[in-house]
Number of protein chains: 2
Amino acid sequence: MAGQHTLAETERAVQSRLADLTLDFEAMAVVSNLFRAANAVRNHLERTVLQPHDLTWTAFVVLWVTWIWEPIETRQVAEEGGFSKATLSGVLTTLEGRGLVTRERSKQDRRLVLVRLTPNGRRLMKKLFPEFNDQERVVVASIPRGERGSAAQALRQLSIAVQT
Amino acid sequence: MAGQHTLAETERAVQSRLADLTLDFEAMAVVSNLFRAANAVRNHLERTVLQPHDLTWTAFVVLWVTWIWEPIETRQVAEEGGFSKATLSGVLTTLEGRGLVTRERSKQDRRLVLVRLTPNGRRLMKKLFPEFNDQERVVVASIPRGERGSAAQALRQLSIAVQT
DNA sequence: CTTCGATCGTCCGTGTCCGAACGATAGCGG
DNA sequence: CCGCTATCGTTCGGACACGGACGATCGAAG
């Protein structure tokens, strides 16, 4: 939803299709801008930081979570990263093939699989994360310094509001 | 990034990996919560509104954009929806197969393809969009009424900040 | 010790999602 | 009117992304 039409134009167009219904355009604007922003920021970070290292977004998230919490169980990686176990399984196979992470069955509970970074993986993250954080700085530069905390809090509220 | 660790725990863990570097944790929190919120909201809307009608997120966005602006060129649909022309091409084929949209070559410029809704597609959207907007209301209910405008504006700023 | 329900990670099928390459078309300069 | 260059939508290959089904494993109840 990152088009060229203004909000007012969109409202007028929608209104003409559903003239008889009362709609919440403010809610529509918040949700629509949420996805527009998430898409734009993700594309920016992928282009500027991830693509030069031949990493996808999801692969980077997996590396990041593992880097911070290793050794970590796969279910926790999926939970922290916000995607399904099925998705993680494929990404882990890719990263394992590139020699960035290792899988290892837990001795205590042989249903679990522990994920770790290889030395190469750690070296990559030590170089990559500062670059990533630099670009995060660029992204939030448009929000006044004093409002960043409340912005993060409002976004957190959105997540909590829709949790089942 | 929707895990169980607190922000403070994460900061401490990251700091211990990069003790020698100055990082912007506030920027990190904003970006991370942005994706957490976008994912959570999308999942919520998919579950509550889209799945009962057997529609994916992207398919709904395509239908919505087309519904508002038809007839519309495919490049504009992709631009408004925030995905690539390649992605759109596949989704359009699916929607065409289900009899919800039509493709038509432009007479003026035969490189262009115009997209329209079928009567069935229009009927579906007329029923679906009010349901969607109802859930958008639920999502933003956690943000105080007076702050929704500025929240939408802040998100819009994020998109603009990373536009090349 | 044995059954049984719960939970783990993986696999499968289907549907996005993108960059790159492609053929078709348009509009320009000569 | 004829190449050149730009732009269009599609296709292709590879990597996500998810729900559901699966075998392996655990813990508890009997």
Side-chain angles (χ1 to χ4, degrees), chain A residues 1-2 35 38-40 42-47 50-63 66 71-79 81-98 100-115, chain B residues 1-2 35 38-40 42-47 50-63 66 71-79 81-98 100-115:
Chain A
M1 309 213 187
F35 291 110
N39 264 335
R42 173 170 165 161
N43 285 340
H44 174 79
L45 292 172
E46 280 181 338
R47 269 203 328 272
L50 268 31
Q51 266 178 13
H53 295 275
D54 202 31
L55 280 175
T56 64
W57 177 265
T58 310
F60 174 75
V61 172
V62 170
L63 288 176
T66 307
I72 182 172
E73 304 167 8
T74 55
R75 54 175 173 172
Q76 293 176 317
V77 178
E79 170 75 13
F83 32 75
S84 68
K85 299 180 301 170
T87 297
L88 176 62
S89 215
V91 177
L92 271 185
T93 301
T94 300
L95 290 174
E96 208 177 10
R98 290 180 55 177
L100 297 174
V101 305
T102 60
R103 277 196 258 223
E104 175 197 352
R105 283 248 165 234
S106 164
K107 305 291 187 196
Q108 286 77 27
D109 186 338
R110 301 196 52 76
R111 291 172 303 180
L112 305 181
V113 169
L114 299 179
V115 185
Chain B
M1 307 212 186
F35 291 109
N39 264 335
R42 173 171 166 159
N43 285 339
H44 174 78
L45 293 172
E46 280 180 338
R47 270 204 327 274
L50 268 32
Q51 266 179 15
H53 295 274
D54 200 31
L55 280 175
T56 64
W57 176 264
T58 309
F60 174 75
V61 172
V62 171
L63 288 177
T66 306
I72 183 174
E73 303 167 9
T74 56
R75 55 177 173 171
Q76 293 177 318
V77 177
E79 169 77 11
F83 33 75
S84 69
K85 299 180 302 170
T87 298
L88 176 63
S89 215
V91 177
L92 270 186
T93 300
T94 301
L95 290 175
E96 209 177 9
R98 289 179 56 178
L100 297 174
V101 304
T102 60
R103 276 195 259 224
E104 175 196 352
R105 283 247 166 235
S106 164
K107 306 291 186 194
Q108 285 76 28
D109 185 339
R110 300 197 53 76
R111 292 173 301 181
L112 305 181
V113 169
L114 299 179
V115 184

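Numbered from 1 within each chain, the chains take letters A, B, ... in sequence-line order.
- Taking every side-chain heavy atom of Phe83(A) into account, dC18(D) is the closest of dC18(D), dG19(C), dC26(D).
- The salt bridge (Lys or Arg N to Asp or Glu O under 4.0 Å) pairs that include a residue from residues 86-95 of chain A number zero, where partners must be two or more places apart or lie in different chains.
- Place Gln108(A) and Ala59(A) on DNA chain D by their nearest nucleotides, and Ala59(A) ends up nearer the 5' end.
- Residues meeting the salt bridge (Lys or Arg N to Asp or Glu O under 4.0 Å) test with Arg98(B), sequence neighbours left out: none.
- By the side chain to side chain donor-acceptor pair (under 3.5 Å) test, Thr87(A) pairs with Ser84(A), sequence neighbours left out.
- Counting to the nearest Å, the P atom of dC18(D) and the CZ atom of Arg47(B) are 12 Å from each other.
- Counting to the nearest Å, the C1' atom of dT10(D) and the CG atom of Leu95(B) are 16 Å from each other.
- Protein atom CG of Asn43(B) is 10 Å distant from nucleotide atom C1' of dC18(D), rounded to whole Å.
- Applying the side chain to side chain donor-acceptor pair (under 3.5 Å) test to Thr56(B) and every residue at least two apart in sequence or in another chain returns nothing.
- If you take CD of Gln51(B) and C1' of dG20(D), they are 13 Å apart, rounded to a whole angstrom.
- Between Leu55(A) atom CG and dA15(D) atom C1' the separation is 13 Å, expressed in whole Å.
- Remark: Glu79(A) does not engage Arg75(A) in a salt bridge, criterion side-chain N to carboxylate O under 4.0 Å.
- Look at CD on Glu104(A): it is 18 Å from P on dC8(C), rounded to the nearest Å.
- With sequence neighbours excluded, no residue forms a salt bridge (Lys or Arg N to Asp or Glu O under 4.0 Å) with Arg110(B).
- The interatomic distance linking Leu63(A) (CG) with dC16(D) (P) rounds to 11 Å, in whole Å.
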When you check every protein heavy atom under 4.0 Å of nucleotides 9-15 of chain C, what one-letter string (B, S, -) results, 5' to 3'?
BBB---S
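- Distance Asp54(A) CG to dG14(D) C1': 11 Å, rounded to the nearest Å.
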